[in-house]
Novice: 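Shown below is the structure under consideration.
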Amino acid sequence: MTENHAANSETSSAEEYELVTTRVINASPSLVYEAWTKPEHLAQWWGPNGFTNTFHEFDLRPGGTWEFVMHGPNGVDYPNKSEFVEIGPERIVLRHVCEPHYQLTATFEDLGGTTRLTWSQLFENAAVFNAIKKIATPANEENLDRLEAHLQKMSI
């Protein structure tokens with residue numbers, strides 16, 4: 001993570017089994033929302049460094065399914081399935097319905113030309129939270145780094 005990202009990003013545990021990452025992104029909330037809601041953009045940045053994605057289903061509506069495979073740089077495929085709970089220009093909520101189970105909430109706060117993105121993952125229990133947080137903390141930062149890089153391409 002660059003010094004700039006470190007200055008604009010923080011990670012905390014708000015609730016007992018919740019991992020929260022907040023970052024100020026140099027893009028409008030509408031552009032950030034577009035990067036999250038258009039599969040052609042989302043597939044380009046979703047996941048930690050070195051990962052690629054193959055989307056099988058992306059039904060962006062409450063109750064809709066997002067099913068995809070993340071391809072790791074080590075050649076391992078990671079099937080993912082989530083269900084959208086809430087979709088709106090200021091907030092997206094989805095439930096990750098395969099292991100590990102969690103609810104992801106992303107909020108997009110307008111700071112007058114920039115966006116405060118808050119990304120929270122609420123895990124089902126302490127065992128899952130403790131097993132995942134060591135991996136998810138740096139992975140979430142890499143994911144947001146990739147989002148910022150993609151947003152720069154979208155702005156051109």
Side-chain angles (χ1 to χ4, degrees), residues 1-55 58 66 68-82 84-86 90-96 98-111 113-156:
M1 184 165 55
T2 66
E3 288 181 32
N4 182 37
H5 292 159
N8 292 325
S9 187
E10 65 180 60
T11 301
S12 65
S13 295
E15 292 189 24
E16 194 171 356
Y17 312 129
E18 185 176 28
L19 183 63
V20 179
T21 303
T22 302
R23 183 177 292 188
V24 175
I25 295 176
N26 190 22
S28 69
S30 62
L31 192 65
V32 176
Y33 183 77
E34 182 179 344
W36 275 78
T37 58
K38 303 263 190 213
E40 64 270 22
H41 293 300
L42 188 58
Q44 297 301 309
W45 66 267
W46 189 262
N49 292 340
F51 280 75
T52 59
N53 298 287
T54 302
F55 284 19
F58 190 78
W66 176 23
F68 65 103
V69 176
M70 291 177 65
H71 309 286
N74 58 357
V76 176
D77 286 341
Y78 301 91
N80 282 265
K81 185 174 183 179
S82 295
F84 292 105
V85 176
E86 182 181 330
E90 296 174 350
R91 178 176 151 117
I92 296 172
V93 180
L94 59 88
R95 188 176 305 112
H96 197 255
C98 60
E99 297 288 334
H101 296 272
Y102 60 88
Q103 183 164 291
L104 171 69
T105 301
T107 59
F108 316 104
E109 181 184 350
D110 189 347
L111 300 177
T114 62
T115 304
R116 177 180 290 121
L117 171 62
T118 301
W119 168 310
S120 66
Q121 291 169 282
L122 182 59
F123 294 90
E124 62 185 344
N125 59 48
V128 174
F129 174 74
N130 290 325
I132 297 300
K133 72 177 178 180
K134 293 176 220 112
I135 299 164
T137 299
N140 289 351
E141 291 294 343
E142 290 176 9
N143 211 346
L144 293 177
D145 290 345
R146 292 181 68 193
L147 169 60
E148 284 188 303
H150 188 74
L151 287 164
Q152 288 179 352
K153 292 176 192 171
M154 289 174 67
S155 297
I156 296 173

Novice: Verify the ring-centre separation between Tyr17 and Phe123: is it less than 6.0 angstrom?
Specialist: no
Novice: Only one of Phe68, Phe84, Trp36 forms a ring-ring contact (aromatic ring centres under 6.0 Å, His included) with Phe58, so which one is it?
Specialist: Phe84
Novice: Using side-chain heavy atoms (C-beta onward) and a distance below 4.5 Å, is Leu31 in contact with Leu151?
Specialist: yes
Novice: Specify the closest pair of heavy atoms between Thr115 and Ala27, including all atoms of both residues, with the distance to one decimal.
Specialist: OG1-O, 2.6 Å
Novice: Do Thr118 and Val20 come close enough that some side-chain heavy atom pair is under 4.5 Å?
Specialist: yes
Novice: Can you tell me how far the NE2 atom of His96 sits from the CG atom of Leu122, to the nearest 0.5 Å?
Specialist: 14.0 Å
Novice: Keeping to residues at least two apart or across chains, list the salt bridge (charged side-chain N to carboxylate O under 4.0 Å, His left out) pairs with something in residues 70-80.
Specialist: none
Novice: Tell me, please, which residues at least two apart from Asn143 pass side-chain hydrogen bond (donor to acceptor under 3.5 Å, both in side chains).
Specialist: none
Novice: Could you list the residues that satisfy side-chain hydrogen bond (donor to acceptor under 3.5 Å, both in side chains) with Glu86, not counting sequence neighbours?
Specialist: Arg91
Novice: Distance from Arg146 atom CZ to Leu144 atom CG, nearest 0.5 Å?
Specialist: 11.5 Å
Novice: Hey, could you give me the CZ/CG distance between Phe55 and Asn80, rounded to the nearest 0.5 Å?
Specialist: 9.5 Å
Novice: Return all side-chain donor-acceptor pairs below 3.5 angstrom for residues 41-53, not counting sequence neighbours, or 'none' if the list is empty.
Specialist:
residue, atom, partner, partner atom, Å
His41, ND1, His150, NE2, 2.8
Trp45, NE1, Ala35, O, 3.0
Asn53, ND2, Ala43, O, 3.1
Asn53, ND2, Trp46, O, 2.9

Novice: Please, which pairs that meet salt bridge (charged side-chain N to carboxylate O under 4.0 Å, His left out) have at least one residue in residues 113-131, sequence neighbours excluded?
Specialist: Glu109-Arg116
Novice: Under the side chain to side chain contact (heavy atoms under 4.5 Å, CB included) rule, what do Thr107 and Trp119 come out as? Steps first, then yes or no, please.
Specialist: CA-CA 7 Å; Thr107 59; Trp119 168 310; over 6 Å; no
Novice: Output all residues satisfying side-chain hydrogen bond (donor to acceptor under 3.5 Å, both in side chains) with Ser28, sequence neighbours left out; order by chain, then residue number.
Specialist: Ser30
Novice: Under the side-chain contact (heavy atoms from CB on, under 4.5 Å) rule, collect the residues that match up with Ala136, sequence neighbours excluded.
Specialist: Leu19, Gln121, Ile132, Asn140
Novice: Give me the atom names and distance for the closest heavy-atom approach of His101 to Val128.
Specialist: O-CG1, 4.1 Å
Novice: Taking side-chain contact (heavy atoms from CB on, under 4.5 Å) as the test, write out the residues that go with Thr114, two or more places apart.
Specialist: Val24, Asn26, Leu111
Novice: Which residues pass the side-chain contact (heavy atoms from CB on, under 4.5 Å) test with Asn130, not counting sequence neighbours?
Specialist: Ala126, Lys133
Novice: Under the side-chain hydrogen bond (donor to acceptor under 3.5 Å, both in side chains) test, which residues partner Ser120, sequence neighbours left out?
Specialist: Glu18
Novice: I need the Met154 CE to Leu147 CG distance, nearest 0.5 Å.
Specialist: 9.0 Å
Novice: Walk me through it: do Val69 and Tyr78 pass the test side chain to side chain contact (heavy atoms under 4.5 Å, CB included)?
Specialist: CA-CA 5 Å; Val69 176; Tyr78 301 91; 5.8 Å; no
Novice: Roughly how far, to the nearest 0.5 Å, is NZ of Lys81 from CG of Leu94?
Specialist: 13.5 Å
Novice: For a side chain to side chain contact (heavy atoms under 4.5 Å, CB included) check, start with the C-alpha distance between Thr21 and Arg23, then their side-chain angles and the critical distance, and finish with the verdict.
Specialist: CA-CA 7 Å; Thr21 303; Arg23 183 177 292 188; 5.5 Å; no
Novice: Backbone N or O of Phe108 within a donor-acceptor pair of the Asp110 side chain at under 3.5 Å?
Specialist: no
